Enquirer: 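Next up is a structure, given as structure tokens.
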Amino acid sequence: MSRASLVVVANRLPVDRKTAPDGSTEWVTSPGGLVTAMESVMRNAESAAWVGWAGGADEDIAPFDIDTMHLVPVTLTAEEVEKYYEGFSNDTLWPLYHDVIADPNFHRTWWDVYVEANRKFAKAAAAATAEGGTIWVHDYQLQLVPEMIRSLRPDVTIGWFNHIPFPPFELFAQLPKRDSVLRGLLGADLLGFQRERDAINFTTCVRQILGYRASEHQIVVPGLGLEEDRTVEARCFPISIDVSVYDELTKDPAVLARAKEIREQLGNPKKVVLGVDRLDYTKGIRHRLKAYGELLNDSAIDPHDVTMIQVATPSRERVDAYKQLRDEIELTVGRLNGDFAPIGRPAISYMHRTFPRTDMTALYMCADVVLVTSLRDGMNLVAKEYIASRIDERGVLVLSEFTGAADELRAATLVNPHDIDELKSAILHALAMSEEEQQDNMRSLRRQVFDHDVQRWASDFLEALERVGGDRGAEARKAPSRPTLSSDACPPRAELDSALEAFATTPRVLIASDFDGVLAPIVANRDEARAVPESLQALRSLSGLDGTNVALVSGRSLEDLDSLTEMPSSVVLIGSHGAEVGALPESMDAGILDSSSLSMTDERRSQLATITAALERISRKYPGTEVEKKPTAAVLHTRNAKGRGAANATEEALEYARSIRHAKVTPGKAVVEFSVIPATKGEAIDALARACACDAWLYLGDDVTDESVFNRAGSNDLTIKVGPGETAASFRIADPEEVKELLAQLLAKRAE
């Protein structure tokens with residue numbers, strides 16, 4: 001499939017794999033509000049795709065279509081499932097974001113894997129999206145994805161929606177790597193939250209932790225170095241349900257018959273109380289059972305007249321906290337049934353399994369009272385499903401104040417589930433409520449739910465995203481992005497040989513190369529780097545051929561590059577990523593590269609001194625890091641940092657970069673360079689190509705900084721990545737030894 005105009009990114013794909021009795025498997029669409037909403041949105045999009053995990057470990061599944069959706073599976077290893085999903089997502093973020101109802105756990109290895117897993121989703125989304133497209137990222141598992149996508153695809157518009165609560169500053173501040181999480185989210189153009197207070201919590205955290213300017217709904221994200229500031233919006237978009245599904249089910253004779261049958265199986269009690277929850281400590285099931293048990297013990301509820309059903313859908317059963325919760329609930333239910341159940345039926349019918357939507361609707365239709373007593377919940381769609389199922393306009397919803405639904409469903413019986421006495425009173429009030437009061441409340445609730453369904457939620461978000469991201473991406477969309485090679489993709493060598501043959505016969509060419517990692521193997525001490533002698537000799541020989549121009553373009557200083565290569569005057573040396581230009585041979589137009597913008601001024605010298613001092617302060621905090629001083633730049637080197645010092649020092653340096661202006665900040669392999677001369681390797685190659693009036697150029701590079709060259713290649717140019725890593729280069733070779741062979745091959749062909 002060609003790239004899509006709309007790409008949805010979520011932890012899971014919207015399908016489940018089902019195994020038939022004969023052993024065959026098939027994909028079926030998952031139930032749930034998000035899938036329903038996105039199906040509708042994706043049908044109406046020009047082209048759409050969904051990026052997500054299929055649910056198994058180490059499964060390499062090719063993209064496929066189901067119904068109207070194009071699905072792009074992301075492969076997660078067993079370690080990533082354990083540490084990214086079960087670990088950092090569900091044992092660190094989930095409890096922290098739910099008011100620390102359970103203690104969050106944090107392990108640094110979990111964070112490392114969380115970063116790598118997020119990068120997988122980001123790369124898959126970036127590759128699946130068309131020029132100027134829209135990417136909508138979902139939920140807490142993927143909080144780093146927006147920033148990662150922005151670095152890969154500045155042309156797209158990015159939205160993110162949080163389906164769970166976002167904690168207040170006092171709780172979020174406890175999260176290790178909190179700065180990285182916030183910056184990851186701020187890669188989006190629009191951030192959506194379930195409740196207004198969640199959006200405010202987020203902007204408060206950004207203001208307090210990152211120090212960015214933030215109003216109630218808008219955040220100014222400082223540009224990195226020479227980049228422009230961006231404005232990000234954080235707003236409330238309460239999610240809902242597909243009411244049309246429940247409207248149809250409640251008219252289905254089979255569902256109506258099932259509701260009647262359930263009530264009969266319970267012994268036709270006067271009142272049925274229902275709780276429906278995923279088995280999770282945030283849902284308040286223990287508090288609910290405690291309140292209900294006390295009402296039975298107080299004889300305030302007669303189990304002959306009132307019965308309770310508790311559905312607890314299985315969830316995260318390999319996590320210890322969930323195993324313990326299940327044991328506690330089942331022990332409590334067993335004790336209450338042993339103490340209070342009348343002969344022939346339980347006081348509480350407990351079911352730990354998943355029900356089809358038809359059975360759930362039947363349960364809603366026969367329940368006189370539904371208890372939604374979450375201790376903390378992003379929204380809680382059970383409350384809205386119950387309301388949508390009550391076509392008789394009867395029934396009572398007892399709803400926790402700590403759900404997102406409480407902000408909208410004001411006609412429900414609102415309760416503080418932490419207050420057991422208040423919860424008991426609310427249950428008794430619900431059981432005694434008159435039909436007239438039930439009808440008044442339910443009419444109001446149904447009007448709210450039907451007027452704000454899931455389709456409206458999705459359209460409201462996407463309309464706001466289009467408004468926010470429309471102007472921002474206009475400039476970025478003008479330049480088409482190049483297709484990229486994945487981290488290990490390597491086109492057949494025969495294709496490279498053919499391209500090299502065509503390049504060698506081009507009349508006027510420019511051959512340029514990076515130094516470290518290309519001509520010279522990477523070493524721990526950069527002062528000990530030495531080029532492969534045969535490669536340098538090949539470049540010297542090439543520079544002496546007619547119509548052949550040769551250049552070395554490096555992040556090293558010009559003086560350093562000169563001393564390490566000892567090249568003749570026929571080879572152009574460009575240092576500091578293009579900020580320093582050596583002498584040009586007579587065959588080149590020197591005026592093209594002679595620009596006052598590359599000269600140092602007093603203002604630039606002063607700024608460089610300030611930057612150098614700041615980087616030295618950072619370096620002193622992390623043993624093994626060091627600062628290199630160049631004529632036009634200062635470079636933080638982290639290759640020899642101890643432990644996690646490299647990542648921490650880099651993060652601190654990039655955060656510092658957001659506080660300065662008029663400097664070019666270039667992250668690379670184990671380096672972050674701050675240059676007061678606004679130059680890139682790509683700009684240098686452009687200028688060299690014009691100066692020598694070449695018909696085509698070839699460039700060899702290995703670093704992130706070389707991508708600025710690869711992205712400028714025309715149809716006749718030849719770009720070669722040395723080593724692993726995603727790249728815009730057309731070809732890849734393994735290491736400096738292969739560079740030696742390639743240059744020898746090129747010299748032989750060019751000299752024919």
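The structure displayed is predicted, hence computed values, not measured ones.
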Enquirer: Return yes if a side-chain donor-acceptor contact under 3.5 Å exists between His662 and Gln607, otherwise no.
Expert: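 No, because no side-chain N or O of His662 sits under 3.5 Å from a partner of the opposite role on Gln607.
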Enquirer: Look only at the side chain of Ser730 and the backbone of Thr719, and say whether a donor-acceptor pair between them is shorter than 3.5 Å.
Expert: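 Here the side-chain-to-backbone pair does not exist.
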Enquirer: Output the distance between atom CG (Leu636) and atom OH (Tyr622), rounded to the nearest 0.5 Å.
Expert: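 Atom-to-atom, Leu636:CG and Tyr622:OH are 10.0 Å apart.
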Enquirer: Can you check whether Arg150 reaches Arg230 side chain to side chain, under 4.5 Å on heavy atoms?
Expert: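 When only atoms from C-beta onward are counted, Arg230 and Arg150 do touch, with a gap below 4.5 Å.
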Enquirer: Verify side chain to side chain contact (heavy atoms under 4.5 Å, CB included) between Ile685 and Val553, making sure each step is shown before the conclusion.
Expert: CA-CA 8 Å; Ile685 291 295; Val553 184; 3.9 Å; yes
Enquirer: Would you mind checking if Glu628 and Arg556 are paired as a salt bridge, meaning a charged N to carboxylate O distance below 4.0 Å?
Expert: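 No, Arg556 and Glu628 are not salt-bridged.
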Enquirer: Report yes if the side chains of Glu80 and Thr75 come closer than 4.5 Å at any heavy-atom pair, otherwise no.
Expert: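 SC-SC contact between Glu80 and Thr75 ruled out.
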Enquirer: Would you compute the distance between atom CG of Asn525 and atom NE2 of His637 and round it to the nearest 0.5 angstrom?
Expert: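 The CG atom of Asn525 sits 10.5 Å away from the NE2 atom of His637.
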Enquirer: Minimum heavy-atom separation for Ala641 to Ala646, with atom names?
Expert: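 Scanning both residues completely, I find the closest heavy atoms to be CB-N, 3.4 Å.
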Enquirer: Taking Asp155 for its side chain and Gly132 for its backbone only, find out whether a donor-acceptor pair lies under 3.5 Å.
Expert: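 Present.
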Enquirer: Rounded to the nearest 0.5 Å, what separation is found between the CG atom of Asp717 and the CG atom of Leu698?
Expert: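 One gets 9.0 Å once the value is rounded to the nearest 0.5 Å.
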Enquirer: Are the side chain of Arg604 and the backbone of Ile677 linked by a donor-acceptor contact shorter than 3.5 Å?
Expert: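 The answer is no, because no donor-acceptor pair under 3.5 Å joins these two groups.
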Enquirer: Tell me which donor-acceptor pairs under 3.5 Å the side chains of residues 743-752 have, and how far apart each pair is, sequence neighbours excluded?
Expert:
residue, atom, partner, partner atom, Å
Gln745, OE1, Arg493, NH2, 3.2
Gln745, NE2, Asp497, OD1, 3.2
Lys749, NZ, Glu501, OE1, 2.6
Arg750, NE, Thr548, OG1, 2.9
Arg750, NH1, Ala504, O, 2.9
Arg750, NH1, Thr506, O, 2.4
Arg750, NH2, Thr506, O, 3.3
Arg750, NH2, Pro507, O, 2.9
Arg750, NH2, Gly547, O, 3.0
Arg750, NH2, Thr548, OG1, 3.4

Enquirer: Is there a side-chain contact between Ile522 and Arg639 in this structure, where contact means two heavy atoms from C-beta onward sitting under 4.5 Å apart?
Expert: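 They are in side-chain contact.
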Enquirer: I want to check something: taking the side chain as every heavy atom from C-beta on, are Met600 and Leu608 in contact at a cut-off of under 4.5 Å?
Expert: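 They are in side-chain contact.
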Enquirer: How long is the gap from CH2 on Trp697 to CZ on Arg712, to the nearest 0.5 Å?
Expert: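 Trp697 CH2 to Arg712 CZ: 9.0 Å, rounded to 0.5 Å.
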Enquirer: Do Asn118 side-chain atoms and Leu144 backbone N/O form a donor-acceptor pair below 3.5 Å?
Expert: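 Checking the backbone N and O of Leu144 against the side chain of Asn118, a donor-acceptor pair under 3.5 Å is found.
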Enquirer: By side chain to side chain donor-acceptor pair (under 3.5 Å), which residues pair with Tyr656, not counting sequence neighbours?
Expert: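 By the side chain to side chain donor-acceptor pair (under 3.5 Å) rule, Tyr656 matches no residue at all.
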Enquirer: Only counting residues at least two apart or in another chain, list the ones meeting side chain to side chain donor-acceptor pair (under 3.5 Å) with Arg644.
Expert: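 Expected list: Asp112.
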Enquirer: Mind listing the closest non-hydrogen atom pair of Leu142 and Tyr114 along with its distance?
Expert: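 Scanning both residues completely, I find the closest heavy atoms to be N-OH, 3.8 Å.
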Enquirer: Name the orientation class of the two ring planes belonging to Phe710 and Tyr699 (parallel below 30°, tilted from 30 to 60°, perpendicular beyond 60°).
Expert: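 Correct class here is perpendicular.
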Enquirer: Dump the intermediate steps for side chain to side chain contact (heavy atoms under 4.5 Å, CB included) on Thr77 and Tyr84, then the final yes or no.
Expert: CA-CA 10 Å; Thr77 65; Tyr84 145 74; over 6 Å; no
Enquirer: Quick one: does any side-chain atom of Thr650 pair with a main-chain N or O of Ala647 as donor and acceptor, under 3.5 Å?
Expert: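 Looks like no, no N/O pair under 3.5 Å.
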Enquirer: If you take all heavy atoms of Ala634 and Thr612, which pair is closest and at what distance?
Expert: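 The pair with the smallest heavy-atom distance is CB-OG1, 3.4 Å.
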Enquirer: Quick check: closest heavy atoms across Leu465 and Asp189, and the distance to 0.1 Å?
Expert: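 Looking at all heavy atoms of both residues, the closest pair is CD1-CB, 4.2 Å.
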Enquirer: Please confirm whether the backbone N or O of Gly223 pairs with a side-chain atom of Asp229, one donor and one acceptor, at under 3.5 Å?
Expert: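 At least one qualifying donor-acceptor pair exists.
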Enquirer: Is any side-chain heavy atom of Gln537 closer than 4.5 Å to a side-chain heavy atom of Ser541?
Expert: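 A side-chain contact under 4.5 Å exists here.
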Enquirer: Is it the case that over 12 heavy atoms from other parts of the model lie below 6.0 angstrom from the CD atom of Glu559?
Expert: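 Incorrect, the count does not exceed 12.
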Enquirer: Is it true that a side-chain atom of Asp735 and a backbone atom of Glu738 form a donor plus acceptor pair closer than 3.5 Å?
Expert: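 Flag set: sc Asp735 to bb Glu738 pair under 3.5 Å.
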Enquirer: Asp546: what forms a side chain to side chain contact (heavy atoms under 4.5 Å, CB included) with it, not counting sequence neighbours?
Expert: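 Side chain to side chain contact (heavy atoms under 4.5 Å, CB included) check on Asp546 returns nothing, list empty.
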Enquirer: Measure the shortest side-chain to side-chain distance between Pro585 and Val572 over non-hydrogen atoms and say whether it is less than 4.5 angstrom.
Expert: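 A side-chain contact under 4.5 Å exists here.
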Enquirer: How many angstroms lie between atom NZ of Lys669 and atom CG of Asp702, to the nearest 0.5 angstrom?
Expert: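 Answer rounded to 0.5 Å: 4.0 Å.
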Enquirer: Does the distance from a Lys or Arg side-chain N to an Asp or Glu carboxylate O, for Glu131 and Arg3, drop under 4.0 Å?
Expert: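 Salt bridge flag = yes for Arg3 with Glu131.
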Enquirer: Could you go through the side chain to side chain contact (heavy atoms under 4.5 Å, CB included) check for Val51 and Lys120 one step at a time?
Expert: CA-CA 10 Å; Val51 173; Lys120 283 187 175 182; over 6 Å; no
Enquirer: CG/Leu552 to CG/Leu519 distance, rounded to the nearest 0.5 angstrom?
Expert: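 Taking CG in Leu552 and CG in Leu519, the distance rounds to 6.0 Å.
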Enquirer: Can Lys629 and Glu616 be counted as an ion pair, charged N to O under 4.0 angstrom?
Expert: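 Glu616 and Lys629: salt-bridged.
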Enquirer: Which pairs pass salt bridge (Lys or Arg N to Asp or Glu O under 4.0 Å) with one or both residues in residues 528-539, sequence neighbours excluded?
Expert: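 Residue pairs with at least one partner in residues 528-539: there are none.
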Enquirer: Any Lys/Arg nitrogen of Arg526 or Asp560 sitting under 4.0 Å from an Asp/Glu carboxylate oxygen of the other?
Expert: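 Asp560 and Arg526: not salt-bridged.
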Enquirer: For the residue pair Glu116 and Val113, establish whether any side-chain heavy-atom pair is separated by less than 4.5 Å.
Expert: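 No, side chains not in contact.
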Enquirer: Do the side chains of Leu654 and Val672 get nearer than 4.5 Å, heavy atoms only?
Expert: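 They are in contact (side-chain heavy atoms under 4.5 Å apart), so the answer is yes.
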Enquirer: Where the side chain of Glu580 meets the backbone of Leu558, is there a donor-acceptor pair that is under 3.5 Å apart?
Expert: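 Yes, the answer is positive, given that a donor and an acceptor are paired below the 3.5 Å cut-off.
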Enquirer: Tell me whether Thr632 contacts the main-chain N or O of Val676 through its side chain, where contact means a donor paired with an acceptor under 3.5 Å.
Expert: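 A pair under 3.5 Å: no.
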Enquirer: Please test Glu741 against Ile733 for side chain to side chain contact (heavy atoms under 4.5 Å, CB included), starting from the C-alpha separation and ending with a verdict.
Expert: CA-CA 10 Å; Glu741 295 169 6; Ile733 57 178; over 6 Å; no
Enquirer: Over all heavy atoms of both residues, which pair between Thr505 and Ala502 is shortest? Give the atoms and the distance, please.
Expert: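 Closest pair (atom of Thr505, atom of Ala502, distance): OG1-O, 2.9 Å.
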Enquirer: Quick check: closest heavy atoms across Leu536 and Thr565, and the distance to 0.1 Å?
Expert: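 Taking every non-hydrogen atom into account, CD1-O, 4.0 Å.
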Enquirer: List in chain and number order the residues that pass side chain to side chain donor-acceptor pair (under 3.5 Å) with Thr625, two or more places apart in sequence or in another chain; answer none if no residue qualifies.
Expert: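 By the side chain to side chain donor-acceptor pair (under 3.5 Å) rule, Thr625 matches Ser619.
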